[in-house]
Amino acid sequence: MLRQAKACPIIRSDFCAAVILKVPVFHSIEKQVADAFHAHIQVRYGVDLSVTIEQPRQSDFGEIAVPAAFQLAKRLRQAPKKIAAELAAEIGPIPGVAALEVAGNGYINLRLDRGAYAAALLRGEEEGMSAAGGKIIVEHTNINPNKAAHIGHLRNATLGDTFVRMLRASGAQVEVQNYIDNTGVQVADVVVGFHFLEHKTTADVEALLADPAVRFDYYCWDLYAHTSSYYKEQPESLAWRSETLHAIEAGEGELARMAHLVADAVVQAHLKTMLRLDVEYDVLPRESEILHLQFWAAAFEQLKQRKAIYLESEGKNAGCWVMPGLSEEGKVIVRSNGTVTYVGKDIAYQLWKFGLLGKDFHYRPLMTYADGRVLWVSTDTPTAGEHHFGNGSRVYNVIDARQSYLQDVVAAGLRGLGYAAQAEQSIHFSYEMVALSPRCCADLGIPLSEEDRQRPYVEVSGRKGLGVKADDLMDNLIAKALAEVDARHVEKPAAERQRVAEQIAIGALRYFLLKFTRTSVIAFDLQEALSFEGETGPYVQYAAVRARNILRKLEERGETLPDFAAELSAEALGRQLQSEDFWQVLLAASKVDSALDGALSAGEPAHVARYAFQLAQAFNNFYHQYPILQEESREKKVFLLWMTDFFRRQLERTAGILGIQIPEYM
RNA sequence: GCGCCCGUAGCUCAGUUGGAUAGAGCGGCUGGCUUCGAACCAGUAGGCCGGGGGUUCGAGUCCCUCCGGGCGCACCA
């Protein structure tokens, strides 16, 4: 098989080659330790060992563990413990390291010089260089514009958007694409519903759109389900679908006009829905332009010329253009009637993303986001001041795991064309689906068949109209958050409370969707999603709000934030950090970049989420145990304030990577 | 039939790419609001990591096999 889902072909060492990461304090000490051991082992034993660094199991073992003795034991035919003792005795001083000891069967545990470490953080040495490699394209969301978005789409968008934020935080140049299939069967089915089932004209649909009482994407949600079930009952009605598809493809007539009207309106609804989650895009490449600008024709030529596909003369695929290699009979790319399959178009689109097609879209601005970012959409006619998109050096397609076979075909297409390097950089950022537990369906009043009731979970299905709409879920979350805010802050202006409730609700939702690893099927549970306690977004937000409260209260009492650098010497920091509690909070808070780095190489936004939670947990503990504003000792108070401020900045940065805002109050 | 994913505490999930005594949240039980607001904190119970083989100094993690569940494998998109 081409794809290795478990192995996550995301990024390892090659990623670091493309993007030079920040060099935070902890990282640089780790590197110095590894280098020191590597050099010493080379001289002492004549072994070129790749020294790995670990985190000790327990925090009281120190901050860095080196298991090199285990790796050497076999080659030297000596006991790990003996080698560890030799290494520990002979390695000599390492900058930033205060002590080192042998533990267990041969671990070498290192303790950092706490005062020096904190002083480096205080001086802001964690700010390092960052430089970009080539452009990275991330494609996500990709919802068929024929109905309202549901929770499955939210998982896609949240994963994609967070991964984009992770890449950008590490210094990468990223372009976000959201592909719009505005000419496909799903749009056609809704048009069939309007035209043939409801006998509506384009003007009727326009009236529907103008009616403020109608949520158009919701209307289409029901209509799509209706049309789908009608096909089942009256299979001959499928002829309506073909007729509509042909009209759309030809781009002429009432049905085509209606299709554009519907698709454009639903795209607007999706953009609005996603904006509630703080998800933004750079460009919307549309299927209609892929069609009109003949992207497929260009790709077809390349595929034929380079013999990536062949015209089958016999067997069940006779008369089709087939791509060999993926299965015994190959994958049909062009049907015997001459029309191209979905994957064929996808290969053309993927070629464009890498700048390999020899064609480009034209673009026009669609809207401007609040932060000034302009969203562009593809068009088939040239415009003034033309922008350019695509031409990436690496492409992540955020698409659920059910489509992994098709993603394999796309990569195989690139490989067949001789673009092995680009095939390697075509990454299917896959994730498992969001399903509904039977209990959840019962809670939501979704009727289930007897068969479905026996299952562990039920797939969301747009066709069946089965699912939780994204906007409904958000409305639900906001209402619940608002009730909590109202209970605590009646004195605040209503509009402000609403804003805070929205931030909390979105924080809860994004965190909920991110805390699962990508390979885990989310069996959606409404109660769990609506929770604001425990491992949730609001928990993380609350910790940051508490930190801010301390600093605000300080000023309310007429004090000002001390000049930390002037008041806290390395000695003072070292003195205060003799407290294990303080040291652990500071250490945890200093590892944002380590956590980000690990999450990027694993391709797991969930790792960032988990780090944020652990950080919040450490702070909540700290907060509870040590009153800061009442502290008598000046040195300790200044130190605690610095810790609070440092924590606040680090947690806000982490939350920002997750797309979670910190409210003014909670 | 073939391919991929999952199986870890009552429930939902982590497990740093093979390391030290397997963790968190929820739920259960016990305790803590006159403090920088408890959307919080502390304590406690709860485990044959689906079963069986193997590789290794060392396995929840890698290999084989079996069991159970899910998802793919169209001239649909």
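Naming convention: chains lettered A, B, ... in sequence-line order (proteins, then strands); numbering from 1 in each chain. All heavy atoms count here, side chains included; hydrogens, waters and symmetry mates do not.
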List the atom of [X], the atom of [Y], and the distance in Å for their closest heavy-atom pair.
{"X": "Pro627(A)", "Y": "Gln630(A)", "value": "CB-OE1, 3.6 Å"}
{"X": "Gly152(A)", "Y": "Tyr431(A)", "value": "O-OH, 4.3 Å"}
{"X": "Arg548(A)", "Y": "Ile662(A)", "value": "NH1-O, 3.5 Å"}
{"X": "Ile504(A)", "Y": "Gln541(A)", "value": "CA-OE1, 3.6 Å"}

Using the ring of each side chain (for Trp, its six-membered ring), is [X] parallel, tilted or perpendicular to [Y], with breaks at 30° and 60°?
{"X": "Phe582(A)", "Y": "Tyr626(A)", "value": "perpendicular"}
{"X": "Tyr539(A)", "Y": "Phe613(A)", "value": "tilted"}
{"X": "Phe516(A)", "Y": "Phe512(A)", "value": "perpendicular"}

Pair of N/O donor and acceptor under 3.5 Å linking [N] base with [X] side chain:
{"X": "Asn109(A)", "N": "A20(B)", "answer": "yes"}
{"X": "Arg610(A)", "N": "A24(B)", "answer": "no"}
{"X": "His607(A)", "N": "G15(B)", "answer": "no"}
{"X": "Thr519(A)", "N": "C5(B)", "answer": "no"}

In residues 315-322 of chain A, what donor-acceptor pairs under 3.5 Å come from side-chain atoms, sequence neighbours left out?
{"unit_1": "Lys316(A)", "atom_1": "NZ", "unit_2": "Glu329(A)", "atom_2": "OE1", "d": "3.3"}
{"unit_1": "Asn317(A)", "atom_1": "ND2", "unit_2": "Glu329(A)", "atom_2": "O", "d": "3.2"}

Within the distance-only criterion (no hydrogens, no angle test), does the side chain of [X] pair as donor or acceptor with the backbone N or O of [Y] below 3.5 angstrom?
{"X": "Glu604(A)", "Y": "Arg518(A)", "value": "yes"}
{"X": "Thr341(A)", "Y": "Ile333(A)", "value": "yes"}
{"X": "Lys480(A)", "Y": "Leu530(A)", "value": "yes"}

According to the Watson-Crick and G-U wobble definitions, with both distances under 3.5 Å, which nucleotide is paired to [N]?
{"N": "G3(B)", "answer": "C71(B)"}
{"N": "C49(B)", "answer": "none"}
{"N": "G60(B)", "answer": "none"}
{"N": "A24(B)", "answer": "U12(B)"}

Inset, instruction - Would you confirm whether the ring centroid of Phe295(A) sits within less than 6.0 angstrom of the ring centroid of Tyr349(A)? - result: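 No: the rings miss the under 6.0 Å criterion.
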
Legend entry - Nearest listed nucleotide, side chain of Thr341(A), among C40(B), C36(B), A77(B):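 Of all the options, the side chain of Thr341(A) is nearest to A77(B).
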
To the nearest Å, give me how far apart [atom1] ([X]) and [atom2] ([N]) are.
{"X": "Leu530(A)", "N": "A39(B)", "atom1": "CG", "atom2": "P", "answer": "18 Å"}
{"X": "Ile64(A)", "N": "U16(B)", "atom1": "CD1", "atom2": "P", "answer": "19 Å"}
{"X": "His489(A)", "N": "A38(B)", "atom1": "NE2", "atom2": "P", "answer": "11 Å"}
{"X": "Asn549(A)", "N": "G37(B)", "atom1": "CG", "atom2": "P", "answer": "6 Å"}
{"X": "Ile53(A)", "N": "A20(B)", "atom1": "CD1", "atom2": "C1'", "answer": "16 Å"}
{"X": "Lys331(A)", "N": "G3(B)", "atom1": "NZ", "atom2": "P", "answer": "19 Å"}
{"X": "Leu72(A)", "N": "G58(B)", "atom1": "CG", "atom2": "C1'", "answer": "16 Å"}
{"X": "Phe622(A)", "N": "A42(B)", "atom1": "CZ", "atom2": "P", "answer": "14 Å"}

What nucleic acid atoms does [X] come within less than 4.0 Å of, heavy atoms only: base, sugar-phosphate, or nothing?
{"X": "Phe70(A)", "result": "base"}
{"X": "Ser336(A)", "result": "base"}
{"X": "Leu554(A)", "result": "nothing"}
{"X": "Phe532(A)", "result": "base"}
{"X": "Pro80(A)", "result": "nothing"}
{"X": "Asp181(A)", "result": "sugar-phosphate"}
{"X": "Ala606(A)", "result": "nothing"}
{"X": "Ala609(A)", "result": "nothing"}
{"X": "Leu551(A)", "result": "nothing"}

Inset, instruction - Using the side-chain hydrogen bond (donor to acceptor under 3.5 Å, both in side chains) rule, collect all pairs that involve residues 482-491 of chain A, keeping only residues at least two apart or in two chains. - result: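 Pairs touching residues 482-491 of chain A that pass the test: Glu484(A)-Arg488(A), Asp486(A)-Arg497(A).
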
Please write out each protein N/O paired with an N/O of nucleotides 70-72 of chain B under 3.5 Å, distance rounded to 0.1 Å.
{"unit_1": "G70(B)", "atom_1": "O2'", "unit_2": "Tyr457(A)", "atom_2": "OH", "d": "3.2"}
{"unit_1": "C71(B)", "atom_1": "OP1", "unit_2": "Glu459(A)", "atom_2": "OE2", "d": "3.4"}

Legend entry - 5' priority, RNA chain B, between Cys320(A) and Thr517(A) [closest heavy atom]: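 Nearer the 5' end of the strand: Thr517(A).
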
Inset, instruction - Let me know, please, whether Tyr342(A) or Val485(A) comes out on the 5' side of the other along RNA chain B by nearest nucleotide. - result: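 The residue whose closest nucleotide sits nearer the 5' end is Val485(A).
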
Spacing of the [atom1] atoms in [M] and [N] (rounded, Å):
{"N": "C4(B)", "M": "A9(B)", "atom1": "P", "answer": "26 Å"}
{"N": "A45(B)", "M": "C71(B)", "atom1": "P", "answer": "40 Å"}
{"N": "G15(B)", "M": "G50(B)", "atom1": "P", "answer": "15 Å"}
{"N": "C62(B)", "M": "C6(B)", "atom1": "P", "answer": "9 Å"}

Legend entry - Qualifying salt bridge (Lys or Arg N to Asp or Glu O under 4.0 Å) pairs with a residue from residues 179-192 of chain A, counting only residues at least two apart or across chains: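 Only Asp189(A)-Arg241(A) qualify under salt bridge (Lys or Arg N to Asp or Glu O under 4.0 Å).
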
Think [X] has a side-chain N or O under 4.0 angstrom from the OP1 or OP2 of [N]?
{"X": "Tyr611(A)", "N": "A24(B)", "result": "no"}
{"X": "Asn317(A)", "N": "C75(B)", "result": "yes"}
{"X": "Lys553(A)", "N": "G37(B)", "result": "yes"}
{"X": "Arg546(A)", "N": "A39(B)", "result": "no"}
{"X": "Asn621(A)", "N": "A42(B)", "result": "yes"}

Strictly under 3.5 Å: I want the nitrogen or oxygen pairs between protein and nucleotides 8-10 of chain B, one per line.
none

Inset, instruction - Go along nucleotides 25-35 of chain B 5' to 3' and tag each nucleotide: B for a protein heavy atom under 4.0 Å from its base, S when only backbone or sugar atoms are that close, - otherwise. - result: SS-----B--S

Legend entry - Lys464(A) vs Glu459(A), salt bridge (Lys or Arg N to Asp or Glu O under 4.0 Å): CA-CA, chis, key distance, verdict: CA-CA 10 Å; Lys464(A) 293 180 191 163; Glu459(A) 260 186 85; over 6 Å; no

Legend entry - Anti versus syn assignment for U61(B), with syn defined as within 90° of 0: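 Base orientation: anti.
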
